[in-house]
**Student:** 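Below is the structure I would like to discuss, written out as structure tokens.
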Amino acid sequence: MLEYTMTGDGPRFGMVIHHTDSVREYAYDRNSVIGHLEKGFDDAAKFNWIVVDMTKDWKDVFPK
């Protein structure tokens with residue numbers, strides 16, 4: 001879906017949410033029991049998508 005969104009003319013924004021905050025959401029990563037983001041993380045680096053870390057960056061995404 002991000003690959004499709006990022007192709008074409010005009011400004012584009014690709015973002016992957018890294019679910020690291022187990023208090024507000026299930027935390028999952030490359031090797032977690034639920035949800036795997038191997039391809040998402042690899043493609044983010046390859047295609048210059050922004051990776052937002054829920055624990056570290058969420059306060060910047062949704063300031064109080």
Side-chain angles (χ1 to χ4, degrees):
M1 186 180 218
L2 280 171
E3 264 185 87
Y4 175 79
T5 300
M6 297 300 289
T7 59
D9 297 327
R12 308 285 178 191
F13 179 70
M15 179 175 66
V16 175
I17 304 294
H18 188 179
H19 292 259
T20 56
D21 188 347
S22 63
V23 173
R24 290 183 272 185
E25 175 71 42
Y26 289 107
Y28 53 92
D29 208 328
R30 289 181 181 267
N31 299 314
S32 60
V33 177
I34 60 164
H36 296 268
L37 292 176
E38 292 90 355
K39 185 162 175 40
F41 287 137
D42 293 343
D43 285 351
K46 184 168 52 173
F47 295 116
N48 295 317
W49 300 335
I50 304 295
V51 177
V52 176
D53 184 300
M54 282 184 75
T55 301
K56 296 175 187 171
D57 301 323
W58 218 241
K59 64 184 175 296
D60 296 325
V61 175
F62 294 104
K64 290 184 180 186

**Student:** Tell me which pairs pass salt bridge (Lys or Arg N to Asp or Glu O under 4.0 Å) where either residue lies in residues 40-49, with sequence neighbours left out.
**Tutor:**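 Of all non-adjacent pairs touching residues 40-49, those that pass salt bridge (Lys or Arg N to Asp or Glu O under 4.0 Å) are Arg30-Asp42, Lys39-Asp43, Asp43-Lys46.
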**Student:** Which pair of heavy atoms, one from Gly14 and one from Leu2, lies closest together, and at what distance?
**Tutor:**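 Shortest heavy-atom separation between Gly14 and Leu2 comes out as CA-CD2, 3.8 Å.
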**Student:** List for me each residue that meets side chain to side chain contact (heavy atoms under 4.5 Å, CB included) alongside Phe13, sequence neighbours excluded, and say none if there are none.
**Tutor:**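 Phe13: side chain to side chain contact (heavy atoms under 4.5 Å, CB included) contacts with Met15, Ile50.
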**Student:** In chain order, what residues pass the side chain to side chain contact (heavy atoms under 4.5 Å, CB included) check against Asp21, with sequence neighbours excluded?
**Tutor:**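 Asp21 satisfies side chain to side chain contact (heavy atoms under 4.5 Å, CB included) with Val23, Arg24, Met54, Thr55 once adjacent residues are dropped.
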**Student:** Would you say Arg12 and Trp49 make side-chain contact, with heavy atoms under 4.5 Å?
**Tutor:**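 In short, these two side chains do not touch, never coming nearer than 4.5 Å.
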**Student:** Between Ala44 and Val51, which heavy-atom pair has the shortest distance, and what is it?
**Tutor:**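 Answer, listing the atom of Ala44 first, then Val51: CB-CG2, 3.6 Å.
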**Student:** How long is the straight-line distance from OG1 of Thr5 back to CZ of Phe47, given to the nearest 0.5 Å?
**Tutor:**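 Between atom CZ of Phe47 and atom OG1 of Thr5 there are 12.5 Å.
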**Student:** At what distance, to the nearest 0.5 angstrom, does CE of Met6 lie from CG of Asn48?
**Tutor:**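 Nearest 0.5 Å value for the CE-CG distance: 8.0 Å.
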